[in-house]
Engineer: 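First, the structure itself, so that you have it in front of you.
It should be emphasised that the depicted structure is a prediction, and the values quoted were computed from it without experimental measurement. Ligands are counted one by one from 1 in listed order, and the atoms in each one are counted from 1 as well.
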Amino acid sequence: MEIKITKNTAPKAKVPANELRFGTTFTDHMFIMKHDSENGWHDAQIVPYGPISLEPSAMVFHYAQEIFEGLKAYRTKEDGEIFLFRPEKNFERMNLSCDRMCIPRFDGEQVLDALEQLIKLDASWIPTAPGTSLYIRPFIIATDRQVGVHPSHEYLFIIILSPVGSYFKEGLKPVKIYVETEYTRAARGGTGMAKCGGNYAASLIGQQKAEKLQYSQVLWLDGQEHKYVEEVGAMNVFFKINGTIVTPSLDGSILPGITRRSVIELLRHKGYTVEERLLHIDELMEAANSGALEEAWGTGTAAVISPIGELNREGNICVINNNAIGPVSQMLYDELTGIQWGLKDDPFGWRRIVK
Ligand SMILES: *Cc1c(COP(=O)(O)O)cnc(C)c1O
């Protein structure tokens, strides 16, 4: 793919590593590519990071025809090698999101190549302090200029980059989870398995409710019966019950996380039994009350592994593993981050060097 590069002549000052938050600082360049019915995906460019101009009638503002991805680039020393973690999986998933949202597919290999060019251009922005990384946000928006409801003909594909600080400044601290029994995030047949902004819009109210009650995330139940465990916040979720690892099966309303898949592969490789199945909230709360629930954690690109220390279902509060990180959660965090930062062997070939 031919990519036109326009360099930023006014690069910004870098933010010191200890002041980095999540997703508030952006680098000097971005990738942008257009789509229309006549030309397909075309006009791929790397340009200075900055505002884009859209008419108020642009379809994305009205009907949320939009998808996104999230992945990271890692580096432990200046001028050291830059790694991506299974990036081809993100672009495969993004094409599946395209299918669900009636957005035309794109060539994942070509976009990955464009991403590598963008990362190299902004390589000096990749933080190297322990726990830091460069968050990568690819997204596609519908830009037809009219408010009729139909799939757009025109789209923009954009990738922006954001240096991010360590997710857990004080080490892996277990989070408190509120089991949401009123609101749901997604329904079977809906868009739960697509990474689209609409799912997040639907989840804000539950998240807000949990925060008011001093809980940091929501445990979402299924949309039909409000009985089966689906995800925790914007993460997939795992439970260790009587020695067996259980995670909800992908039934259409759950986002197929790449961290989720990697954790399952890693656990099976290490000899653990992992069950992907329906998990009833009663079964989970009984296991938590009786002590059979040994560990629980969420998985996602941002936090990697987020241990769960407490569950609250309508006032029934269960503390898990004395509110401390468990051995399996810690092992998974160490193994995955070791592979991501290039500090451990990569037996599965998950790491990709940006060349
Ligand atoms: C992105 C996302 C995840 C995690 O996926 P990863 O590929 O592991 O980062 C889980 N749930 C939801 C709803 C998500 O949007």
Engineer: Any N/O of K195 closer than 3.5 Å to an N/O of ligand 1?
Structural biologist: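 Min N/O separation from ligand 1 is below 3.5 Å for K195.
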
Engineer: May I ask you to identify the nearest protein heavy atom to atom 8 (O) of ligand 1, giving residue, atom name and distance to one decimal place in Å?
Structural biologist: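 Among all protein heavy atoms, the one nearest atom 8 (O) of ligand 1 is T259 OG1, 2.6 Å.
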
Engineer: So, R137 side chain and L161 main chain: donor-acceptor pair closer than 3.5 Å or not?
Structural biologist: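 Such a contact is absent between R137 side chain and L161 backbone.
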
Engineer: Using 30° and 60° as the class limits, which term best fits the ring planes of W41 and Y155: parallel, tilted or perpendicular?
Structural biologist: tilted

Engineer: Hey, is R185 one of the residues with a heavy atom under 4.0 angstrom from ligand 1?
Structural biologist: yes

Engineer: So, the side chain of E69 versus the backbone of F91: is there a donor-acceptor pair under 3.5 Å, distance only?
Structural biologist: no

Engineer: May I ask you to list the atoms of ligand 1 that are less than 4.0 angstrom from any heavy atom of N236?
Structural biologist: 10 (C)

Engineer: Heavy atom of G70 under 4.0 Å from ligand 1?
Structural biologist: no

Engineer: I want to know if ligand 1 touches I258 in the polar sense, i.e. an N/O pair below 3.5 angstrom.
Structural biologist: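 Yes, since at least one N or O of I258 sits under 3.5 Å from an N or O of ligand 1.
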
Engineer: If we count only N and O atoms by modelled type, under 3.5 Å, do the side chains of E211 and S216 hold a donor and an acceptor together?
Structural biologist: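 Not at all, the side chains of E211 and S216 share no donor-acceptor pair under 3.5 Å.
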
Engineer: When only distance counts, is R93 in polar contact with ligand 1, meaning an N/O pair under 3.5 Å?
Structural biologist: yes

Engineer: Minimum distance, heavy atoms only, to atom 3 (C) of ligand 1: which one of S253, A234, G300 is it?
Structural biologist: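 It is A234 whose heavy atom sits nearest to atom 3 (C) of ligand 1.
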
Engineer: Who gets closest to atom 12 (C) of ligand 1 by heavy atom: R261, E230, E231?
Structural biologist: E231

Engineer: Donor-acceptor pairs under 3.5 Å, side chain of residues 48-60 to any protein atom, not counting sequence neighbours: which ones?
Structural biologist:
none

Engineer: For ligand 1, indicate whether the residue L255 contacts it via side chain, backbone, both or neither (heavy-atom separation under 4.0 Å).
Structural biologist: side chain

Engineer: So that I know where these two stand, are H280 and Y228 an aromatic pair - ring centroids less than 6.0 Å apart?
Structural biologist: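 Yes, ring centres under 6.0 Å apart.
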
Engineer: If you count the atoms of ligand 1 from 1 in the order shown, which ones are under 4.0 Å from a heavy atom of Y200?
Structural biologist: 12 (C), 13 (C), 14 (C), 15 (O)

Engineer: Out of all atoms in ligand 1, which are within 4.0 Å of some heavy atom of G257? Include the element for each.
Structural biologist: 5 (O), 6 (P), 7 (O), 8 (O)

Engineer: Would you say D222's side chain and K227's backbone share a donor-acceptor pair under 3.5 angstrom?
Structural biologist: yes

Engineer: Pairs of nitrogen or oxygen atoms closer than 3.5 Å, one from T301 and one from ligand 1: do any exist?
Structural biologist: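 N/O-N/O distance under 3.5 Å: yes.
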
Engineer: Between K4 (side chain only) and D43 (backbone N and O only), is there a donor and an acceptor less than 3.5 Å apart?
Structural biologist: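 Absent.
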
Engineer: Any side-chain donor-acceptor pair under 3.5 Å between R86 and S262?
Structural biologist: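 A donor-acceptor contact under 3.5 Å links the two side chains.
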
